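The next block holds one structure in the form of structure tokens; read it before the comments.
In what follows, chains are A, B, ... by sequence order, proteins preceding strands, each numbered from 1. Remember, it's a predicted structure, so these values are computed and weren't measured experimentally.
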Amino acid sequence: MDQPLAPHCALDLSELRPLSRAELPADTVELSRFLIGRTLVHRTAQGTLAGRIVETEAYLPDDAASHAFRGPTKRNGSMFLRRGHAYVYISYGVWPCMNVSSDEAGTGAAVLLRALEIVSGAETMLAEKPAPLRDLARGPGRLARAMRITLGDDGLDLCATGDAVPPLFLAGAIRQIGEIGASVRIGITKEADRLLRFFERGNSAVSGPGRLNR
DNA sequence: ATCGGGATCTTCT
DNA sequence: GAAGATCCCGATC
């Protein structure tokens with residue numbers, strides 16, 4: 001469940017191919033579950049950063065907790081792109097948070113990526129912010145910082161088009177995916193009883209209070 | 001391990 | 001003008 005990659009089985013980065021849009025479930029809740037255990041990859045000048053997605057939240061079209069609930073604004077425009085685009089916003093004036101748009105063009109919905117288990121680029125991240133490995137991307141703000149995701153990535157198409165490999169993309173699972181748990185979402189006040197948060201059970205890189213992670 | 005307060009600033013009411 | 005999809009640190013159990 002929570003097995004760090006041993007040195008002898010280092011990740012082969014060349015196997016991380018971008019998922020196509022057709023491979024992403026067209027339903028927001030299904031996509032939220034699907035993304036658990038898949039890989040988020042960012043090719044940067046400092047090298048390739050990558051992590052297993054271990055915690056997500058769904059924000060639906062008819063959902064008062066969603067940024068898109070009251071229609072398009074300057075901030076949330078990327079939530080209205082067809083599924084597979086990055087929606088990056090600044091939380092509490094400071095922290096970038098990374099989402100994947102999840103519906104058809106014109107409908108506002110997204111999956112918030114809340115936590116990763118880092119599998120590549122840990123040295124780069126640790127040089128910037130010393131921390132236990134499991135803490136590097138535990139929480140949406142830390143995730144974006146660790147992966148060097150900024151507002152400049154807002155609106156990027158994460159899916160491959162032709163042979164082009166996007167700088168930021170989603171890839172398949174690099175090992176077996178553990179059991180997936182569900183809970184209420186974290187840090188919201190509206191629609192606070194809906195079970196729209198998903199996580200890999202037993203993974204210590206998952207954020208939030210322990211009582212939600214069973 | 002869990003809880004609570006302060007920082008910080010953009011967005012929308 | 002208030003609230004907010006958070007983080008960090010210190011206090012306490």
Looking for any heavy atom pair under 4.0 Å, which part of the strands does A:M79 touch: base, sugar-phosphate only, or nothing? base
Measure [atom1]/[X] against [atom2]/[N] and give the value in whole Å, please.
{"X": "A:D135", "N": "B:dA1", "atom1": "CG", "atom2": "P", "answer": "12 Å"}
{"X": "A:L212", "N": "B:dA1", "atom1": "CG", "atom2": "C1'", "answer": "15 Å"}
{"X": "A:E57", "N": "C:dT6", "atom1": "CD", "atom2": "C1'", "answer": "12 Å"}
{"X": "A:E191", "N": "C:dG4", "atom1": "CD", "atom2": "P", "answer": "14 Å"}
{"X": "A:F199", "N": "C:dA5", "atom1": "CZ", "atom2": "C1'", "answer": "17 Å"}

For A:V184 and A:L195, run side-chain contact (heavy atoms from CB on, under 4.5 Å): C-alpha distance rounded to whole Å, both residues' side-chain angles, the deciding distance at 0.1 Å, then the answer. CA-CA 4 Å; A:V184 297; A:L195 299 178; 4.0 Å; yes
Atom CG of A:L40 and atom CZ of A:F169: how far apart are they, to the nearest 0.5 Å? 9.0 Å
Flag the pair A:S78 / A:H85 as yes when at least one side-chain heavy-atom distance between them is below 4.5 Å, and no otherwise. no
With B for base contact, S for sugar-phosphate-only contact and - for none (protein heavy atoms under 4.0 Å), nucleotides 8-13 of chain B reads BB--SS
For nucleotides 7-13 of chain C, give me one character per nucleotide, 5' to 3': B if any protein heavy atom sits under 4.0 Å from the base, S if the only such contacts are to the sugar-phosphate, - if neither. SS-----
So is the aromatic ring of A:Y59 stacked onto the base of C:dA5, judging by whether the centres are under 5.5 Å apart and the planes are under 30° apart? yes
Atom CD of residue position A:E104 - does it have more than 12 heavy atoms of other residues, nucleotides or ligands inside 6.0 Å?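 Atom CD in A:E104 is not packed in, count stays at 12 or less.
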Base-pairing assignment for B:dT10 (Watson-Crick or G-U wobble, both under 3.5 Å):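 Its partner is C:dA3.
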Counting only Watson-Crick pairs (N1-N3 plus N6-O4 or O6-N4) and G-U wobbles (N1-O2, O6-N3), all under 3.5 Å, who is the partner of C:dC13?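 C:dC13 is paired with nothing.
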Short side-chain to backbone donor-acceptor contact, [X] and [Y], under 3.5 Å:
{"X": "A:D135", "Y": "A:P132", "result": "no"}
{"X": "A:D27", "Y": "A:E30", "result": "yes"}
{"X": "A:T28", "Y": "A:L60", "result": "no"}

Check A:A173 against A:T39 and note the closest heavy-atom contact, atom names and distance.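 The pair with the smallest heavy-atom distance is CA-OG1, 4.4 Å.
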Lys/Arg-Asp/Glu bridge criterion (N-O < 4.0 Å) met for A:E23, A:R17: no
